[in-house]
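The sequence lines fix the lettering, A, B, ..., with proteins before strands; numbering per chain opens at 1.
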There are 2 protein chains.
Amino acid sequence: MKPKITLKSLAEILNVSVSTVSKSLANNPEISDETRLRVRAVATKYNYIPNQYAVRLRKGNTKTIGVIIPNILNPFFAKVLIGLEEVLSKKGYNIITSISHESTEKEIKCVKTMSLGFIDGLIMCLAKETQINKEFSHLDMIIDKELPMVLFDRIHNDIECDKVINDDYEASYRATTHLIQDKGCKNIALVSSIADVHLGKLRLEGYQQALIDHGIEVNPSHIINSPNLIDFTSRIPSALKDQSIDGFFGVNESAIMKTINIAKKMEYDISTLVPIAAFCNTYQLRNHPSLIIVDQHATEIGHKTAQLMLDRLLKDEQKSYTTATVKASLDYKTY
Amino acid sequence: MKPKITLKSLAEILNVSVSTVSKSLANNPEISDETRLRVRAVATKYNYIPNQYAVRLRKGNTKTIGVIIPNILNPFFAKVLIGLEEVLSKKGYNIITSISHESTEKEIKCVKTMSLGFIDGLIMCLAKETQINKEFSHLDMIIDKELPMVLFDRIHNDIECDKVINDDYEASYRATTHLIQDKGCKNIALVSSIADVHLGKLRLEGYQQALIDHGIEVNPSHIINSPNLIDFTSRIPSALKDQSIDGFFGVNESAIMKTINIAKKMEYDISTLVPIAAFCNTYQLRNHPSLIIVDQHATEIGHKTAQLMLDRLLKDEQKSYTTATVKASLDYKTY
DNA sequence: CTGAAAGCGCTAACAA
DNA sequence: TTGTTAGCGCTTTCAG
């Protein structure tokens, strides 16, 4: 690598002091236009770039936010990331991203590296394992240092921090109601692989309440849940053969995906068979005809989360923690 | 935020010098076990975390790698990212990711921020716009600073750096040959939305050569290319109605996706109609029955790219630039 | 208007 | 075995 060009070397070239160079580059009005321009010209010529590590050491803030997401292949998280980046980068913040791969062990590692004095704040979505086992002790590393933390999507009441979630219960209620009222469904099968996590339970409850409120009895055999989709290969075919089922509600994307694929293998074209509503973020599934999508507005979740982080960072008042809700919307257009 | 706990404050608490604390924490054998342990105990108690910006300023390297990808929603890039992270984080490197959204303007911005003294090296995949317009001047910021740079997937000969790509021509040749030899196809339609980028051309050429080598004439009307898929709505239906077409080759995922969806809207179930081969990284498409997938081994591309970066970073010999090729494989299993 | 100097938190060569 | 000290590159106060 070339010899690094620093303030000092510029100063030597220009025969001025280091502080003059620094001030000139900062457009400090103390410096005369003449020297200021002369300095800046040389700096550009030599392609001078300030060492951010020195700047940040000096200034005392890192201007970087850590983000931990469980799975980058899930487009929901990818979209949230895009949203986060949009607002944080605009404010001059950098983002370091780590992926927990849904494992608490990996998550702890991420938190450790992150809290290693790198970041001004942490944004994360809990790994499935973490949320289920309620193992949050590693977050104390963050909380003890009083680093601002914002959790999104998968949260827990015991963790004291700002949070951003969807209105999962209500969205689920609305989607189910839509199937009942507008599509005339009476026997809606619910497919899920996330009934063990909190938000999965909420969505299930929304579905159940909608049924009840419309005078439909909840039929347990219509609730198909299997954490790793393993039961799906046995349970979905019988559901498909059950003539009474006149609608599907997919509580999460992989569950409805699996259902559609199993149907396809059985040579059922599920999309022409019965109405389907589902939480979904994949562009591909959106092309599926006659699918009613519950759009979580992932990018907006990113925006909101980033904003909450900035609020903590910039305002020193100790306002109490908030939980923001992003309203999911039913999306009928299939394109 | 709490008062930061630093080496100095620890030293005061312990009534030893700063360097004793530093050495103890670094497990320097110079220090007696007794003080070493005493120091470490207090450090853990107070949750001491070294300020990385100070460490890096002192040590002179940033231990972070910049990564710029065009689109995080494309699972190919998401997988490459996973691969990169796997090997870089193991070596103690952090990653800052930025997304160019396929725009040169945004890409320039990313490169600027990155080169702002943050990174030890840059890994990137060119934005489509950048590759098409051959606008690489912003990369000079990196090259001039002699920062190691590794390009993957979308590359250009004019850019002097290490590169990692797939064997696109050969993979395309193999896939087409498979359709011809094993599936008995004679009239294979090629669908593409990337014929304007280099790798899209290579894949097209591989297809054409395979046809020629098997005594099949290249029929231009069988080559359906449209940069933004706009022509697909008009051209795909006629291709589907053309009884002579007995196979499809998707040069990229969105093209084959669009084809399948248009077919679906026309009530053709393409998968039972004719054999399809396609470059594809989406888990969802993998479930598509009877689809022959060209697997680019994106994660491996990530591994290889990261390895090339580490080689540059760790070995100071000025070896000449290499271009590594990751062999794509044909994947028949549909699960 | 310009420069000298202190110090951010850390490491490491050198001294004791 | 421990401590002193210089300095990484930068900003900023204070003095000139």
Side-chain angles (χ1 to χ4, degrees), chain A residues 1-40 42-43 46-64 92 115-120 145 147, chain B residues 1-40 42-43 46-64 92 115-120 145 147:
Chain A
M1 273 203 260
K2 274 189 191 174
K4 283 264 184 233
I5 166 113
T6 67
L7 275 194
K8 200 171 145 196
S9 55
L10 283 182
E12 276 161 13
I13 294 164
L14 285 151
N15 264 318
V16 293
S17 76
V18 177
S19 56
T20 304
V21 180
S22 173
K23 285 172 187 166
S24 300
L25 295 173
N27 277 325
N28 186 321
E30 277 180 5
I31 305 295
S32 70
D33 275 7
E34 197 206 318
T35 31
R36 201 169 53 80
L37 294 173
R38 199 166 63 93
V39 169
R40 296 182 73 88
V42 175
Y46 283 90
N47 242 314
Y48 167 70
I49 284 168
N51 178 321
Q52 290 304 312
Y53 291 86
V55 173
R56 284 164 182 200
L57 172 58
R58 179 60 230 239
K59 291 232 185 115
N61 66 350
T62 73
K63 275 276 185 184
T64 106
S115 67
L116 226 58
F118 270 117
I119 55 171
D120 282 343
K145 293 185 70 189
L147 272 179
Chain B
M1 274 204 260
K2 274 190 192 175
K4 284 263 182 232
I5 166 113
T6 67
L7 275 195
K8 200 171 143 199
S9 56
L10 284 182
E12 275 162 14
I13 293 165
L14 285 152
N15 265 319
V16 293
S17 76
V18 177
S19 60
T20 305
V21 180
S22 172
K23 285 173 187 163
S24 300
L25 294 174
N27 277 325
N28 187 319
E30 276 181 7
I31 305 295
S32 71
D33 274 6
E34 197 207 319
T35 31
R36 202 169 53 79
L37 294 173
R38 200 165 63 93
V39 169
R40 297 180 72 86
V42 175
Y46 283 89
N47 242 311
Y48 168 70
I49 283 167
N51 179 321
Q52 290 304 310
Y53 291 86
V55 173
R56 284 166 182 199
L57 172 59
R58 178 63 231 245
K59 291 234 184 114
N61 65 351
T62 74
K63 275 278 186 182
T64 106
S115 67
L116 226 57
F118 272 115
I119 55 170
D120 282 343
K145 293 185 69 186
L147 272 179

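Taking the side chain as every heavy atom from C-beta outward, A:Leu25 and A:Tyr48 approach each other to under 4.5 Å.
With sequence neighbours excluded, the residues satisfying side chain to side chain contact (heavy atoms under 4.5 Å, CB included) with A:Thr62 are A:Thr64, A:Asp120, B:Tyr53. By the side-chain hydrogen bond (donor to acceptor under 3.5 Å, both in side chains) test, B:Ser24 is found to be paired with no residue, residues two or more places apart in sequence or in another chain being considered. Under the side-chain hydrogen bond (donor to acceptor under 3.5 Å, both in side chains) criterion, B:Ser32 pairs with B:Thr35, sequence neighbours left out. Partners of B:Asn27 according to the side chain to side chain contact (heavy atoms under 4.5 Å, CB included) rule, which considers only residues two or more places apart in sequence or in another chain, are B:Arg36, B:Arg40. Taking A:Ser115 as the reference, nothing meets the side-chain hydrogen bond (donor to acceptor under 3.5 Å, both in side chains) condition, with sequence neighbours excluded. Every residue two or more places apart in sequence or in another chain that forms a side chain to side chain contact (heavy atoms under 4.5 Å, CB included) with A:Glu30 is listed here: A:Lys23, A:Asn28. With sequence neighbours left out, the side chain to side chain contact (heavy atoms under 4.5 Å, CB included) criterion links A:Val55 to A:Pro50, A:Gln52, A:Lys59.
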What are the atom names and distances for every N/O pair under 3.5 Å that joins the protein to nucleotides 4-6 of chain C?
residue, atom, partner, partner atom, Å
C:dA4, N6, A:Ser19, OG, 3.2

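For B:Leu57, the side-chain atoms get nearest to D:dC8 when compared with the rest of D:dC8, C:dC10, D:dT2.
Closest heavy-atom contact between A:Arg38 and A:Val16: NH2-CG1, 3.7 Å.
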(request) Go through the steps for B:Val39 and B:Leu10 under the test side-chain contact (heavy atoms from CB on, under 4.5 Å), then give the verdict. (result) CA-CA 8 Å; B:Val39 169; B:Leu10 284 182; 5.7 Å; no

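Under 4.0 angstrom from either OP1 or OP2 of C:dC1 there lies no side-chain N or O belonging to A:Thr35.
If you check residues 24-31 of chain A against DNA chain D, you find no residue with a heavy atom closer than 4.0 Å. Shown for residues 47-55 of chain A: residues whose heavy atoms fall under 4.0 angstrom of DNA chain D, namely A:Tyr48, A:Pro50, A:Asn51, A:Ala54, A:Val55.
For the pair B:Glu34 CD and D:dT2 C1', the computed distance is 13 Å after rounding to whole Å. In this structure, A:Lys59 atom NZ and D:dC10 atom P are separated by 12 Å, rounded to whole Å. The NZ-C1' distance, from A:Lys8 to C:dG3, rounds to 16 Å in whole Å. Atom P of nucleotide D:dT1 and atom CZ of B:Arg38 are separated by 15 Å, given to the nearest angstrom. The distance between atom CG of B:Leu7 and atom C1' of D:dG3, rounded to the nearest whole Å, is 14 Å.
Among the atoms of the strands shown, base atoms are found under 4.0 Å from some heavy atom of A:Ser22.
Sorted by first then second residue, the salt bridge (charged side-chain N to carboxylate O under 4.0 Å, His left out) pairs that include residues 10-21 of chain A, not counting sequence neighbours, number zero.
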